[in-house]
Asks: 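Here it is: the structure, laid out below.
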Amino acid sequence: MMKFIFERDTWQEIYGAIRKNKIRTIITVIGVTWGVFLFVFLLGMAKGLDNSFRSQFNDFATNTMFLWGQQTSMPNEGFKRGRRMQLTLDDVEALKSKVTAIEYITPRNVTGQWGTPPGQFVKGSKSGAFKIFGDYPTIDKVSKKKIFDGGRFINEEDIKYERKVCVIGEDIYKQFYEKDEDPIGGYVKVNGIYFKVIGVYKPTQTGFEGNDSIFLPFTTFQKIFNQGKDISWMVITAKADRNIVDTEKTIKTLLKRMHNVHAEDTQAFGSFNLGEEVAKVNGFLSGMRLITYIVGIATLIAGVIAIGNVLLITVKERTREIGVRRALGATPAEVRGQIMLESIMLTFVAGLLGFIFGTLLLWGINTAIGNNDDIPILNPTVDFFAATGALLAIVLLGTLIGLIPAQKAVSIKPIEALREE
């Protein structure tokens, strides 16, 4: 059999058979090529969406939730509805000690958002109004801050000694400093108080602070803005082996008991569960990949069936030729092998062309998009194993579909074939 495959006459006969029906063969090959092309393209675009989504949350712990106080919607134990819930540092300590699922819990404060006045930033003769955040160093573990070389983020010593240091956004740096001016170690005024600049941060896609905010040590912020133990909201990250959705329910139940809130009141504490949202997006992406496989495989099968049909027609047209070959001593295995080789070759070549065209299109899209953040696609590529698997599948399907016309050719009796006009 192997000798038959590598014989020159075998391939000359296959080439001759294809050449006799060039238009029909080309149209059939296009069907399989289109199927592989569509499979590669859709798989690559799904991967691009997945890459884009993961890059946006690359610097953020996805098993994280945000929690803030709102107003009660139900009366409870003598308290009227509409009571304002104010979260405090005592709540943070209670949750930290009682909820074992918590990995990190970070209280945060801000001015310049949600109806609060912005802070005043002054450097030399220039001034501006910006958001000011009071933070602990642990926020950097939940949402990684990208700091320019030479600078740093807030540390525990800053918190302990209530240091007057700040980290400014890249946009503030561009507005207030010369191109090559080093801001690190210099002093600026924040709300009339001198602060030492210790870092400049780059904006991230997931951070809502933007690139025009100022970070202060939490304890310094509390003192300057006379916040006492009040906090604006808290960021909570669950341990890797814990479910953030269940953790959220536990936390809210505990807070309701601590603040005398009705157990069925869903309005007292607002929250945003990033883990839950990430799970929804992951489900959507998984659905996209499933649809891609279904559409791609269905198209491939349709193309391969078309090749089988063409070969059946070819066998019918070559009845006399096959009869002559059988009469001259060709074995059934040789006849069967030639038809199957023709099927395998057509499907392989068509699949390879589809893979090449699909890859080239993905490369072109990736080059055109570049690092454009407005388009939610990043590096659309096809996994090597998926592409190899698709080619192997197409060859296998070509082999299986080739069995039908091959068996049809073998069943032709030499005497009857020679009578065929």
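Remember, predicted model here, so these are calculated numbers, not experimental data. Positions are given from 1, in the same order as the sequence printed here.
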Asks: Report yes if the side chains of Phe121 and Ile132 come closer than 4.5 Å at any heavy-atom pair, otherwise no.
Replies: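 Counting from C-beta outward, Phe121 and Ile132 never come under 4.5 Å.
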Asks: After noting the C-alpha distance and the side-chain angles of Leu255 and Leu95, does the key distance pass the side-chain contact (heavy atoms from CB on, under 4.5 Å) rule?
Replies: CA-CA 8 Å; Leu255 285 174; Leu95 292 175; 4.3 Å; yes
Asks: Which pair of non-hydrogen atoms, one from Ser271 and one from Leu67, has the smallest distance, and what is that distance?
Replies: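 Shortest heavy-atom contact: CB-CD1, 4.0 Å.
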Asks: If every non-hydrogen atom of Pro107 is compared with every non-hydrogen atom of Val92, which pair is closest and at what distance?
Replies: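 Nearest heavy atoms, Pro107 then Val92: CB-CG2, 3.9 Å.
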Asks: Atom NE2 of His259 and atom CE of Met85: how far apart are they, to the nearest 0.5 Å?
Replies: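 Reported to 0.5 Å precision, the distance equals 7.0 Å.
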Asks: Give me the atom names and distance for the closest heavy-atom approach of Tyr177 to Ile172.
Replies: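 Closest heavy-atom pair between Tyr177 and Ile172: CD1-O, 4.4 Å.
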Asks: Between Asp158 (side chain only) and Pro217 (backbone N and O only), is there a donor and an acceptor less than 3.5 Å apart?
Replies: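 No; zero donor-acceptor contacts below 3.5 Å.
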Asks: Are the side chains of Phe148 and Ile184 in contact, using a 4.5 Å heavy-atom criterion?
Replies: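 Side chain of Ile184 against side chain of Phe148, heavy atoms only: no contact under 4.5 Å found.
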Asks: Would you find a donor on one side and an acceptor on the other, under 3.5 Å apart, between the side chain of Lys239 and the backbone of Thr100?
Replies: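 Present.
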Asks: Indicate yes or no for a side-chain donor-acceptor contact from Asn109 to the backbone of Asp230 under 3.5 Å, with no hydrogens or angles considered.
Replies: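 Pair found, side chain donor or acceptor close to backbone of Asp230.
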Asks: Rounded to the nearest 0.5 Å, what separation is found between the CZ atom of Phe130 and the CG atom of Asn211?
Replies: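 Rounded to the nearest 0.5 Å, the CZ-CG separation comes out at 10.0 Å.
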Asks: Might you work through the side-chain contact (heavy atoms from CB on, under 4.5 Å) test for Arg81 and Met74, ending with a clear yes or no?
Replies: CA-CA 5 Å; Arg81 66 188 300 270; Met74 301 173 68; 5.7 Å; no
Asks: Taking the side chain as every heavy atom from C-beta outward, state whether Arg83 and Val261 have any atom pair closer than 4.5 Å.
Replies: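 Yes, at least one pair of side-chain atoms sits under 4.5 Å.
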Asks: Is it the case that the side chain of Thr33 and the backbone of Ala350 share a donor-acceptor pair, with hydrogens and angles ignored and the cut-off at 3.5 Å?
Replies: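 Yes, the answer is positive, given that a donor and an acceptor are paired below the 3.5 Å cut-off.
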Asks: Kindly check if the number of other-residue, nucleotide or ligand heavy atoms within 6.0 Å of NZ (Lys126) is above 12?
Replies: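 Yes, enclosed.
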Asks: Quick one: OG1 on Thr219 to CZ on Arg163, what's the gap to the nearest 0.5 Å?
Replies: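 So the OG1 of Thr219 and the CZ of Arg163 are separated by 10.5 Å.
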Asks: Listing request: all salt bridge (charged side-chain N to carboxylate O under 4.0 Å, His left out) pairs with a residue in residues 93-105, at least two apart in sequence or in separate chains.
Replies: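 Non-adjacent pairs meeting salt bridge (charged side-chain N to carboxylate O under 4.0 Å, His left out): Glu93-Lys96.
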Asks: When you check the gap from the basic side-chain N to the acidic O, do Asp135 and Lys145 get nearer than 4.0 Å?
Replies: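 Here Asp135 does not pair with Lys145 in a salt bridge, since their nearest N and O are not under 4.0 Å apart.
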Asks: Hey, does Phe272 have a side-chain heavy atom less than 4.5 Å from the side chain of Trp68?
Replies: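 Answer yes - side chains close enough.
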Asks: Please name the pair of heavy atoms, one in Phe218 and one in Gly134, separated by the smallest distance, quoted to 0.1 Å.
Replies: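 The answer is CD1-O, 3.4 Å.
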Asks: Can you confirm whether Met234 sits close enough to Ile236 that some side-chain heavy atom of one is under 4.5 Å from a side-chain heavy atom of the other?
Replies: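 Result yes, sub-4.5 Å side-chain heavy-atom pair found.
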Asks: When you measure from the side chain of Lys47 to the backbone of Thr381, do you find a donor-acceptor pair of N or O atoms at a distance under 3.5 Å?
Replies: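 Not a single qualifying donor-acceptor pair exists.
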Asks: What heavy-atom pair brings Gly185 and Lys196 nearest, and what distance separates the two atoms?
Replies: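 Closest approach of Gly185 to Lys196: CA-CE, 3.7 Å.
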Asks: Is Glu181 atom CD crowded by more than 12 heavy atoms from other residues, nucleotides or ligands, each under 6.0 Å away?
Replies: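 Enclosed: over 12 neighbouring heavy atoms sit under 6.0 Å from CD of Glu181.
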Asks: Examine distances only and state if a side-chain atom of Gln86 and a backbone atom of Ile231 form a donor-acceptor pair shorter than 3.5 Å.
Replies: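 Yes; judged by distance alone, with no hydrogens or angles, the pair exists.
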Asks: Could you check, using the six-membered ring where one of them is a Trp, whether Tyr201 and Phe153 have ring centers closer than 6.0 angstrom?
Replies: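 No, too far apart.
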Asks: Between CG of Leu352 and CZ of Phe355, what distance do you get to the nearest 0.5 Å?
Replies: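 That separation rounds to 8.0 Å.
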Asks: Go through Lys131 and Asp212 one step at a time and tell me if the side-chain contact (heavy atoms from CB on, under 4.5 Å) criterion holds.
Replies: CA-CA 7 Å; Lys131 299 186 294 291; Asp212 58 351; 3.3 Å; yes
Asks: Within the side chain of Gln227, is there an N or O that forms a donor-acceptor pair under 3.5 Å with the backbone of Phe225?
Replies: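 Indeed, once roles are kept as given, a pair shorter than 3.5 Å links the two residues.
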Asks: Walk me through whether Asp171 and Gln175 qualify under side-chain contact (heavy atoms from CB on, under 4.5 Å).
Replies: CA-CA 6 Å; Asp171 191 54; Gln175 290 182 47; 2.7 Å; yes
Asks: So for atom NZ, which belongs to Lys249, do other residues, nucleotides or ligands contribute more than 12 heavy atoms lying within a distance under 6.0 Å?
Replies: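 No, NZ of Lys249 has 12 or fewer neighbouring heavy atoms, counting only those of other groups under 6.0 Å.
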Asks: Answer whether the closest heavy-atom distance between the side chains of Glu156 and Pro137 falls below 4.5 Å.
Replies: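 With C-beta onward as the side chain, the pair touches.
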Asks: Roughly how far, to the nearest 0.5 Å, is the CD1 atom of Ile159 from the CG atom of Leu216?
Replies: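 It comes to 10.0 Å.
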Asks: Could you tell me whether the side chain of Arg152 and the main chain of Ile147 form a donor-acceptor pair under 3.5 Å?
Replies: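 Flag not set: sc Arg152 to bb Ile147 has no pair under 3.5 Å.
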Asks: Under a 4.5 Å cut-off applied to non-hydrogen side-chain atoms, are Thr220 and Val165 in contact?
Replies: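 They are not in contact (no side-chain heavy atoms under 4.5 Å apart), so the answer is no.
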Asks: Kindly indicate whether the side chain of Val99, heavy atoms from C-beta on, has any atom under 4.5 Å from the side chain of Arg242.
Replies: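 No, too far: nothing below the 4.5 Å cut-off.
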Asks: How close do Gln120 and Ala129 get, counting heavy atoms only, and between which atoms?
Replies: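 Looking at all heavy atoms of both residues, the shortest contact is NE2-CB, 3.7 Å.
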Asks: Under 3.5 Å, is there a donor-acceptor pair between the side chain of Thr237 and the main chain of Val142?
Replies: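 Side chain of Thr237 to backbone of Val142, a donor-acceptor pair under 3.5 Å: no, none is there.
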Asks: Look up atom CD1 in Ile294 and atom CG in Leu290, then write down how far apart they are to the nearest 0.5 Å.
Replies: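 Rounded to the nearest 0.5 Å, the CD1-CG separation comes out at 4.0 Å.
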Asks: Judged by atom type as modelled, is there a donor-acceptor pair below 3.5 Å linking the side chain of Lys256 to the main-chain atoms of Asp265?
Replies: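 Judged by distance alone, yes, a pair lies under 3.5 Å.
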